[in-house]
Amino acid sequence: MRIPSVVARHLSEDRYSAFARDVIEGLTARPKRLPPKYFYDEAGSHLFEEITALPEYYPTRSELAILGAHAPDMARLFPAQTALIEFGSGSSRKARLMLDAAPSVAAYVPVDISSKWLAAEAERLRRDYPHLAVLPVAADFTHDFRLPRSIAALGRAGFFPGSTIGNFEPHQARAFLQNAARILGEGAILIVGIDLVKDEGLLTAAYNDAAGVTARFNLNLLARINRELGADFDLSRFSHQAFYNRERSRIEMHLVSRVRQKVRVYGRLIELGECETIHTENSYKFTAESFGALARAAGWTPVAAWSDADGYFSVQGLRAAK
Ligand code: SAH
Ligand code: AVI
């Protein structure tokens, strides 16, 4: 499916101005913050893939083990002749496990904000699954977006792995789940990966890897603002910080200003004090109970759950209320 160039230009201009607006809003707020969805330009998507292979970053390995063992059980929840819609598809590596286990899937709709990465992964999938309709949607799933018309006659199953839901604030997670229920329709199934509350040492190590890849992922946000908004962040004047906030059950990532400094961003002068931080990401950790309450509040009923042998991660099967 090709997007006409005029539409594509408008799409990218819209995205661009939303990026500029959100960056200025976040950097002039107190405390300073930047939305984590902007990590994922092409370089950010590459860096995230590197993170998934790090020895300290257990979530991907744990979830892959769960899917490897239980994807056929998950697929049994899908309606016959289904479109599998993945929110934040990244490498689509986990979707491949679902597709291999689910012959009832006739179309795969990867939705991702990282548009170039998405297009490249869709090409690879088309090559490897020649009988599957692969219909990528480059969109921000926190806003309204349209699903391809060609899936209108199919049933729908949603897939939201990776614990990407943990990158939302609780009220945003609830809004996302409500929106997903609307998009997927009555009686639909949603398979969601959640990272579980666990030993604090394991959690903090996963976001402070020895090789410094997570630090590069975090700093790439400033590099992206330099590239796309003509800012003059000096990356050597910032350091990566990640810690567990036990009260809120979340890992927080920040960029810490090493010195007092001024930065020009999109024509605005932004001042940072020594040790002042820019809050770039939260990664909420759940219990089965806390996630169940969130899902129910958003109109979903938990119908199944699978975990890995270590109990690090959980994949939850939800059904939308009729
Ligand atoms: N599902 C994959 C990738 C998870 S990384 C896995 O489990 O390994 C999170 C993915 O969500 C990235 O590919 C990122 O580009 C995408 N993403 C983050 N925020 C998004 C948003 N608001 N809208 C659409 N995609 C988003
Ligand atoms: C995509 N998301 C669930 C990852 C996480 O663990 O919160 C992003 C990430 N941030 C740092 N490392 C990985």
Side-chain angles (χ1 to χ4, degrees), residues 15 18-19 22 34-54 56-64 66-67 84-98 108-122 136-145 158-168 172-173 175-176 179-180 191-196 202-209 211-221 224 240-244 250-255 280-286 312-313 315:
R15 189 186 59 72
F19 180 42
D22 290 348
L34 288 168
K37 65 185 177 188
Y38 294 121
F39 281 134
Y40 303 95
D41 63 351
E42 221 182 347
S45 292
H46 266 289
L47 285 165
F48 177 73
E49 275 315 299
E50 268 189 64
I51 288 175
T52 64
L54 291 168
E56 298 92 336
Y57 195 74
Y58 62 84
T60 306
R61 267 188 306 281
S62 304
E63 192 175 27
L64 284 171
I66 299 170
L67 295 174
L84 181 68
I85 297 150
E86 181 171 0
F87 301 96
S89 48
S91 70
S92 290
R93 187 166 157 204
K94 295 167 187 167
R96 285 171 182 260
L97 293 176
M98 297 298 275
Y108 172 57
V109 183
V111 180
D112 208 290
I113 201 168
S114 189
S115 51
K116 280 193 191 154
W117 184 268
L118 173 73
E121 292 303 333
V137 175
D140 178 343
F141 55 50
T142 61
H143 296 302
D144 255 346
F145 65 91
F159 188 39
F160 195 26
S163 199
T164 304
I165 195 163
N167 296 136
F168 289 133
Q172 295 170 323
F176 172 86
N179 199 32
I191 304 290
V192 188
I194 54 168
D195 194 14
L196 298 173
L202 285 170
L203 285 170
T204 48
Y207 295 82
N208 288 288
D209 60 285
V213 184
T214 310
R216 284 198 279 135
F217 175 72
N218 201 2
L219 284 161
N220 177 57
L221 191 45
R224 179 181 185 183
H240 165 74
Q241 183 187 52
F243 58 88
Y244 188 56
R250 70 188 193 196
I251 288 282
E252 291 187 15
M253 285 209 321
H254 295 257
L255 288 164
T280 51
E281 188 183 61
N282 290 317
S283 193
Y284 280 85
K285 309 302 166 189
F286 300 90
Y312 287 173
F313 203 91
V315 178

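Whatever order the structure lists ligands and atoms in, that order sets their numbers, starting from 1. Here, residue 1 is the first one in the sequence, and each next residue gets the next number.
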Of all the heavy-atom pairs spanning Glu121 and Ser91, show the shortest one and how long it is. OE1-O, 3.3 Å
Please lay out, stage by stage, how His240 and Tyr207 fare under the test ring pair (Phe, Tyr, Trp, His ring centres under 6.0 Å). CA-CA 10 Å; His240 165 74; Tyr207 295 82; 8.7 Å; no
What does the 4.0 Å heavy-atom contact list look like for ligand 2? Tyr40, Phe48, Ile51, Tyr57, Gly162, Ser163, Thr164, Asn167, Tyr207, Thr214, Phe217, Met253, Glu281, Ser283
Would you call the rings of Phe19 and Tyr38 parallel, tilted or perpendicular if under 30° counts as parallel and over 60° as perpendicular? tilted
Contact table, ligand 1 N/O with protein N/O, distance under 3.5 Å:
{"from": "ligand 1", "atom 1": "1 (N)", "to": "Glu86", "atom 2": "OE2", "distance (Å)": "3.2"}
{"from": "ligand 1", "atom 1": "1 (N)", "to": "Gly88", "atom 2": "O", "distance (Å)": "2.7"}
{"from": "ligand 1", "atom 1": "7 (O)", "to": "Lys94", "atom 2": "NZ", "distance (Å)": "2.7"}
{"from": "ligand 1", "atom 1": "8 (O)", "to": "Lys94", "atom 2": "NZ", "distance (Å)": "3.3"}
{"from": "ligand 1", "atom 1": "13 (O)", "to": "Gly90", "atom 2": "N", "distance (Å)": "3.4"}
{"from": "ligand 1", "atom 1": "13 (O)", "to": "Asp112", "atom 2": "OD1", "distance (Å)": "3.4"}
{"from": "ligand 1", "atom 1": "13 (O)", "to": "Asp112", "atom 2": "OD2", "distance (Å)": "2.7"}
{"from": "ligand 1", "atom 1": "15 (O)", "to": "Asp112", "atom 2": "OD1", "distance (Å)": "2.5"}
{"from": "ligand 1", "atom 1": "22 (N)", "to": "Asp140", "atom 2": "OD1", "distance (Å)": "2.9"}
{"from": "ligand 1", "atom 1": "23 (N)", "to": "Phe141", "atom 2": "N", "distance (Å)": "2.8"}
{"from": "ligand 1", "atom 1": "25 (N)", "to": "Ile113", "atom 2": "N", "distance (Å)": "3.1"}

With side-chain hydrogen bond (donor to acceptor under 3.5 Å, both in side chains) as the criterion, how do Tyr108 and Ser92 come out once you've worked through the C-alpha distance, each side chain's angles and the decisive distance to 0.1 Å? CA-CA 10 Å; Tyr108 172 57; Ser92 290; 2.8 Å; yes
If you look at every heavy atom in Asn179 and His143, which pair is closest and at what distance? ND2-O, 4.3 Å
Students often mix this up, so state it plainly: with edges at 30° and 60°, are the rings of Phe141 and Phe87 parallel, tilted or perpendicular? perpendicular
side-chain hydrogen bond (donor to acceptor under 3.5 Å, both in side chains) between Ser114 and Asp112, worked out: CA-CA 5 Å; Ser114 189; Asp112 208 290; 4.7 Å; no
Which of parallel (below 30°), tilted (30 to 60°) and perpendicular (above 60°) describes Phe217 and Phe48? tilted
Salt bridge flag under 4.0 Å for residues Arg216 and Glu50: yes
